Every structure is written in structure tokens, then in C-alpha cells.
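Here's the structure we're looking at; comments come further down.
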Amino acid sequence: MREEVIREVEQFLYREARLLDERRFHEWLDLFTDDVCYWMGARSNRYPRTSKAISILSPNRYIEDDKTRDDELSIFDETKETLSGRVARLETGMAWAEDPPSRTRHLITNIEVAGETGAELTVYSNFIVYRSRAETEQDVYVGARQDLLRRVEGGLKIARRKMTLDQNVLSAKNLSIFF
């Protein structure tokens, strides 16, 4: 992969993180294609076929991979329209979970441009999102992302994002920090 492409991708993802941290949500929405699929799942506790720790009657329960599959319940399964609706809701003043607003820091690391096909790039990265709100609320979320970035009119846009949280149990706290 060419160094200039890797650097362009890194700068694009760093800018996206900054827009979220600065609550510049309309500019953030502009980073997506109109047909974007924005999806998040969590890890599950699954037993490998070689497990001797537990006996399960159904062999279908033995799965080597602990990531949420596309046909399982997701945390997010958004389009550009539904992401826009989330942003609009924040602007109403009626989003009580964000009043006062959260302070966030999105850290993006281990960026790997894995492939380039025509105008599209497959990119893997890891993230840590720190959120604090009011005087005592603090949350840390850690996970991995797989992005499909597409060149549109000379710039990059996110056409697909698949995120996997490392936590497999989440509280009912506000997860809007991911959008």
C-alpha cells in the first residue's frame, strides 16, 4: 500500500474523531455516503469446539468466533437517514441523557489499510472512547472497526462501518458517543 494512501486514511479517521469530540455532528454526517451501513455488535461468550469445561447438547452452540454476526441482534444498525435522525434529536433539547452534554475523547489506533479495489479501501482500526458527563459519570468503550471507505469527488467517505465492542455486557447508558 502506498504511504500517501495510508496517511490520507489516517488523517481522515483522526478528523472524524475530532469532529465527534467537538460535537460537530453535521460535519461528521458529511463524512458518510448516502448508502452507508453503520453497524455495531458486541462480543459473546461462546465455547470453542475443543472446550472441555462445559458440555453443550447442541453442537451449534460451539462457535470459534466470539463476534456478533450480521444475523444476530446488533447495538446499532443505522443508515444515513437514521444517523441524521439521531443528530436532529440531540438538537431538540429533549435528549435528556445528553443534558448536560457528554465530553468524549475518541482514540483511533492500529490503522491498517488492508486493501484497495477501485475507488474503495478496506480499513481496520481499533478504538477507545472515553466519555464523562456531569460530575461522576465515566465510561470507557474499547473495540475494533472494519471500514469500507469510498472515494467520492476526490475525497474519502465512509460507505460501511462494522464495529465490535470488546465488552459483552453494557449498561443502559448512553451509547450515542459512537455516532
Side-chain angles (χ1 to χ4, degrees), residues 12-48 60-61 63-92 94-112 114 122-134 136-150 157-179:
F12 176 80
L13 295 176
Y14 296 153
R15 180 171 183 266
E16 178 200 9
R18 182 173 52 82
L19 291 174
L20 285 168
D21 292 340
E22 293 176 358
R23 301 181 61 82
R24 294 164 54 187
F25 298 126
H26 288 284
E27 290 174 72
W28 174 76
L29 284 172
D30 290 339
L31 299 179
F32 293 96
T33 62
D34 290 337
D35 64 341
V36 69
C37 175
Y38 191 86
W39 189 92
M40 176 189 283
R43 297 203 183 265
S44 299
N45 292 325
R46 301 184 189 187
Y47 300 95
N60 295 336
R61 294 279 313 274
I63 299 174
E64 299 297 326
D65 187 358
D66 64 348
K67 294 178 183 164
T68 303
R69 286 156 182 65
D70 293 339
D71 62 345
E72 294 179 323
L73 185 63
S74 62
I75 297 168
F76 286 131
D77 191 359
E78 306 287 344
T79 64
K80 188 160 186 182
E81 182 179 355
T82 59
L83 288 171
S84 298
R86 287 178 177 269
V87 169
R89 182 175 170 272
L90 284 175
E91 294 174 336
T92 66
M94 300 298 286
W96 305 115
E98 279 299 301
D99 190 11
S102 295
R103 294 172 300 278
T104 62
R105 191 66 54 210
H106 292 73
L107 304 176
I108 308 302
T109 186
N110 295 57
I111 299 168
E112 175 190 1
T122 301
V123 178
Y124 295 94
S125 62
N126 295 330
F127 64 85
I128 299 173
V129 179
Y130 171 78
R131 170 188 178 256
S132 66
R133 184 180 164 276
T136 59
E137 291 181 42
Q138 293 185 36
D139 299 294
V140 177
Y141 300 96
V142 178
R145 299 190 313 201
Q146 179 180 349
D147 290 334
L148 181 68
L149 303 182
R150 185 179 299 148
K157 292 202 177 231
I158 301 164
R160 185 179 71 232
R161 171 162 290 162
K162 183 174 184 178
M163 296 174 282
T164 303
L165 280 177
D166 285 340
Q167 292 96 319
N168 61 1
V169 176
L170 297 174
S171 65
K173 292 184 180 179
N174 183 355
L175 284 175
S176 66
I177 58 173
F178 288 103
F179 72 54

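Heavy atoms only: backbone and side chains are in, while hydrogens, waters and symmetry mates are out. Please read all numbers here as calculations on a predicted model, not as lab measurements.
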**OP:** May I ask you to say whether Glu137 pairs ionically with Arg131, meaning some side-chain N is under 4.0 Å from a carboxylate O?
**Re:**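 Counted as a salt bridge, because a side-chain N and a carboxylate O are separated by less than 4.0 Å.
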At what distance, to the nearest 0.5 angstrom, does [atom1] of [X] lie from [atom2] of [Y]?
| X | Y | atom1 | atom2 | answer |
| --- | --- | --- | --- | --- |
| Ser132 | Arg105 | OG | CZ | 9.0 Å |
| Arg160 | Thr33 | CZ | OG1 | 10.5 Å |
| Asn110 | Asn126 | CG | CG | 4.5 Å |
| Arg161 | Met163 | CZ | CE | 6.5 Å |
| Leu90 | Thr92 | CG | OG1 | 7.5 Å |
| Glu112 | Thr122 | CD | OG1 | 10.0 Å |

Original post:
Could you go step by step and tell me if Thr82 and Phe76 meet the side-chain contact (heavy atoms from CB on, under 4.5 Å) rule?
Top reply: CA-CA 10 Å; Thr82 59; Phe76 286 131; over 6 Å; no
Could you check whether any side-chain heavy atom of [X] comes within less than 4.5 Å of a side-chain heavy atom of [Y], counting everything from C-beta outward?
| X | Y | result |
| --- | --- | --- |
| Arg18 | Glu27 | no |
| Ile158 | Leu149 | yes |
| Ser84 | Thr79 | no |
| Leu107 | Thr109 | no |

Original post:
Who passes side-chain contact (heavy atoms from CB on, under 4.5 Å) against Ile108, sequence neighbours left out?
Top reply: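 side-chain contact (heavy atoms from CB on, under 4.5 Å) check on Ile108 returns Leu13, Tyr14, Ala17, Ile111, Ser125, Phe127, Arg145.
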**OP:** Quick one: sort the Trp28 and Tyr38 rings into parallel, tilted or perpendicular, breaks at 30° and 60°.
**Re:**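 Ring orientation, 0 to 90° scale: perpendicular.
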Keeping the roles fixed (side chain from [X], backbone from [Y]), state whether a donor-acceptor pair exists under 3.5 Å.
| X | Y | answer |
| --- | --- | --- |
| Glu16 | Leu20 | no |
| Glu78 | Val36 | no |
| Lys80 | Asp35 | no |

Original post:
What is the minimum heavy-atom distance between Arg133 and Pro101, and which atoms define it?
Top reply: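 Closest pair (atom of Arg133, atom of Pro101, distance): CG-O, 4.3 Å.
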**OP:** Determine whether more than 12 heavy atoms belonging to other residues, nucleotides or ligands lie under 6.0 Å from atom CD of Glu91.
**Re:**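 Yes.
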Original post:
In terms of heavy-atom contacts, does CZ of Arg89 have more than 12 from other residues, nucleotides or ligands at under 6.0 Å?
Top reply: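 Counting neighbours around CZ of Arg89, 12 or fewer heavy atoms of other residues, nucleotides or ligands fall under 6.0 Å, so no.
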